[in-house]
There are 2 protein chains.
Amino acid sequence: MTKVSSDFKVSVLQTSCRNCSLSSLCLPKDLVSTEIKELESIVSQLPPLNKHGHIFSQGENFSSLYVVRSGCVKKYQVDAEGNEQVNGFSLPGELLGIDAIGTGRYMSSAEALDTTSYCQLKYSKFEELCEKIPGLIKHILKMAGQELVAEHDIHKAISQKSIDERVAVFFTSLSTRLRILGYSGSEFNLPMSRHDIANFLGMQPETFSRSLKKLITDNLIDVNLKNIRIKDQDNLRLLAGHCETCPSNKVMNG
Amino acid sequence: MTKVSSDFKVSVLQTSCRNCSLSSLCLPKDLVSTEIKELESIVSQLPPLNKHGHIFSQGENFSSLYVVRSGCVKKYQVDAEGNEQVNGFSLPGELLGIDAIGTGRYMSSAEALDTTSYCQLKYSKFEELCEKIPGLIKHILKMAGQELVAEHDIHKAISQKSIDERVAVFFTSLSTRLRILGYSGSEFNLPMSRHDIANFLGMQPETFSRSLKKLITDNLIDVNLKNIRIKDQDNLRLLAGHCETCPSNKVMNG
DNA sequence: CGCGAATTTGAGCCGAATCAAGCGTTGTGG
DNA sequence: CCACAACGCTTGATTCGGCTCAAATTCGCG
């Protein structure tokens, strides 16, 4: 069903932020009706992307911020030697493009992993609006802050945690984010490839595969291709936040 | 000379942003005089900190953003098990506390590695000012963006690069930042311990020490305790931006 | 000068990368 | 509808880089 396709005619839909199920994530609280109207006027909903479609690509001139509405987006960079680094995966309600404001160019690419819809915020207009709507500044800084916190978490995980712990971090973190969006946190489908997850977590795909096997053996999760079922939230979270000195790890490894 | 000390009487200095050598880093361009005045009115320069003094600590209530004026600041987090993760080092002109805006609490601690002076921006007042001074929003988002880019860089380095490459990344990056501040990029003193650098770069202190030795042997740098002299910028940068498939690495290792 | 902390050095081991098949799934064309 | 090709994923065997543990050395500081 990757057929949203070429006969999708309306190129730009004017968005109703009011009725959007994501408004609690996208919008600051306590906006009055006129403010929402103003905000809506600078938000455009672009036609959905199919798998592998790009919201923007590394190096392009910066003009807009984007918010994911549905689907899942892979953020990645490719260096001079052609090596890819996956910076993260964005779910509905998450903001894309902040790191481009300073440089004037998108520093990473944002690629749909599935059919993905999203909203565009022309940055020049957004800036004007910040001066009008109190709380909008705080809101965007909040989202920037969340991104920084997430980066610190992954930095720590790759820096200090074992392979299995990193994989546990990934699943618990994804589980939490999905639950916040109203989806099941205990069973979900991975829109991204094993390759991309492994890259994000700083390991080889083979190693990720072996770690999956281990978590299955330890009765923490079940895996069926892209489908993940978390069987033991508690111990998975324990593993995710874990250091070597804690005895439970020994138990599991033994 | 760690004696800025207790008899430093003036508790809060009103700052002159105009005359500050960092203004090009701290302030948006093209501010008119009245705008600078308004900005100065919300900026306080607090008494300098000695080594090990904290600008803020993880978990404290968020109230202000801070800008480093001189010295060097270590950003770090400590988890439930007491493990420390060094998130980075802040040099003059750099902003601290952005990640606290969303959560209302400082997510990390900011500790002076040396005698360090800094400015405080009361966040509530800052927000008001954003609505008045066009360009201030862009400026802070720019700084947030820079922080995100830096996080992606370190994520990639720890994820994909070898030990020696990571150390080269650290020195070249530090060199560049110091040069921008007007210091020498080819010779400098490290204000932070080996332990902290190793932690930041996702390795053990022993491993960092061995890597230093290797870079010295390869004639890329000279090290004298805290003093670092970069002898071969070009090849150090080559190593920093490097992957295994590139032949020059083989040359150096062989 | 002497103590404690930080750093370096050494030896041995282990976890994860690499290399190489094998398997299963998906998509395509006959 | 089935055969086949292509790709993504898993599994196995081997290697090696970096960690661990332990000790020596140097540095910073009273």
Side-chain angles (χ1 to χ4, degrees), chain A residues 1-3 50-52 74 83-84 86 113-114 157-167 189-217 221-228 242-245 249-250 252-254, chain B residues 1-3 50-52 74 83-84 86 113-114 157-168 189-217 221-228 239 242-245 249-250 252-254:
Chain A
M1 268 302 153
T2 46
K3 216 187 166 198
N50 288 330
K51 196 171 175 174
H52 301 308
K74 172 175 103 171
N83 296 315
E84 176 177 300
V86 176
L113 293 174
D114 245 341
I158 298 180
S159 225
Q160 304 194 332
K161 289 179 197 287
S162 74
I163 291 293
D164 293 341
E165 287 167 357
R166 279 182 244 174
V167 173
N189 289 313
L190 297 175
M192 64 292 277
S193 68
R194 307 265 198 267
H195 174 92
D196 287 339
I197 300 173
N199 181 301
F200 174 62
L201 294 175
M203 63 184 72
Q204 296 308 120
E206 295 95 326
T207 308
F208 178 69
S209 178
R210 282 182 249 269
S211 178
L212 277 184
K213 200 176 180 182
K214 176 107 189 1
L215 297 186
I216 295 168
T217 306
I221 60 172
D222 261 352
V223 177
N224 199 285
L225 302 180
K226 296 278 183 184
N227 184 268
I228 306 291
H242 208 222
C243 68
E244 303 126 36
T245 56
N249 200 28
K250 308 274 179 191
M252 292 208 273
N253 288 335
Chain B
M1 266 303 154
T2 44
K3 216 185 168 202
N50 289 330
K51 195 171 176 175
H52 301 309
K74 173 176 102 171
N83 296 315
E84 174 177 302
V86 175
L113 293 173
D114 245 339
I158 297 179
S159 224
Q160 305 193 331
K161 289 180 196 291
S162 73
I163 292 294
D164 293 341
E165 287 166 356
R166 280 181 243 175
V167 173
N189 289 313
L190 297 175
M192 64 291 276
S193 69
R194 306 268 197 267
H195 174 92
D196 287 338
I197 299 174
N199 181 302
F200 174 62
L201 294 174
M203 64 185 70
Q204 297 308 119
E206 294 95 325
T207 308
F208 178 70
S209 177
R210 281 183 248 272
S211 179
L212 276 186
K213 201 176 179 182
K214 176 110 187 1
L215 297 187
I216 295 168
T217 305
I221 61 173
D222 260 351
V223 177
N224 198 285
L225 302 181
K226 298 277 184 184
N227 184 267
I228 306 290
L239 180 60
H242 208 222
C243 68
E244 302 124 37
T245 56
N249 202 27
K250 308 273 182 195
M252 292 208 274
N253 287 337

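In what follows, every heavy atom counts, from backbone to side chain, and hydrogens, waters and symmetry copies are set aside. Proteins come first, then strands; the chains are lettered A, B, ... in the order of their sequence lines, and each starts at number 1.
- Going from atom CG of B/D222 over to atom CG of B/L215 covers 11.0 Å, rounded to the nearest 0.5 Å.
- As a whole-Å value, the separation of A/M192 CE from D/dC9 P is 12 Å.
- Rounded to an integer number of Å, the gap from A/R194 CZ to C/dT25 P is 12 Å.
- Side-chain N/O atoms of B/E206 and base N/O atoms of D/dC21 include a donor-acceptor pair closer than 3.5 Å.
- Checking C/dT26, D/dT10, C/dT7 against the side-chain heavy atoms of B/K226 singles out C/dT7 as nearest.
- Here the closest non-hydrogen pair linking A/L113 and A/K51 is O-CG, 3.5 Å.
- Taking atom CG of B/N199 as the reference point, atom P of D/dG18 lies 17 Å away to the nearest angstrom.
- In terms of modelled atom types and a separation under 3.5 Å, the side chain of B/S209 and the main chain of B/P205 share no donor-acceptor contact.
- Projected onto DNA chain C by closest heavy-atom contact, A/R166 and A/L225 fall at different nucleotides, the more 5' of which corresponds to A/R166.
- Counting to the nearest Å, the P atom of C/dG24 and the CG atom of A/L212 are 17 Å from each other.
- Between B/K213 and C/dT9 there is a side-chain N or O to OP1 or OP2 distance below 4.0 Å.
- Here the side chain of B/R210 is nearest to one of C/dG10, D/dT11, D/dC9, namely C/dG10.
- Among C/dG10, D/dG28, C/dA16, the nucleotide with an atom closest to any side-chain atom of A/S162 is C/dA16.
- If you check D/dG18, C/dT7, C/dA16 against the side chain of A/I163, the one that comes closest is C/dA16.
- Proximity of A/S209 to the phosphate of D/dC9: no side-chain N or O atom is located under 4.0 Å from OP1 or OP2.
- B/T217 contributes a side-chain N or O that, together with a main-chain N or O of B/K213, makes up a donor-acceptor pair within less than 3.5 Å.
- The separation between B/K51 atom NZ and C/dA5 atom C1' is 11 Å, rounded to whole Å.
- Atom CE of A/M203 and atom P of C/dT18 are 13 Å apart (whole Å).
- To the nearest angstrom, P of C/dT18 lies 17 Å from CZ of A/F208.
- Side-chain atoms of B/N199 come within 3.5 Å of backbone N or O of B/E84 as a donor-acceptor pair.
- Close to D/dC19, at under 4.0 Å from its OP1 or OP2, lies a side-chain N or O of B/T207.
- A/Q204 places its CD atom 16 Å from the P atom of D/dG8, with the value rounded to the nearest Å.
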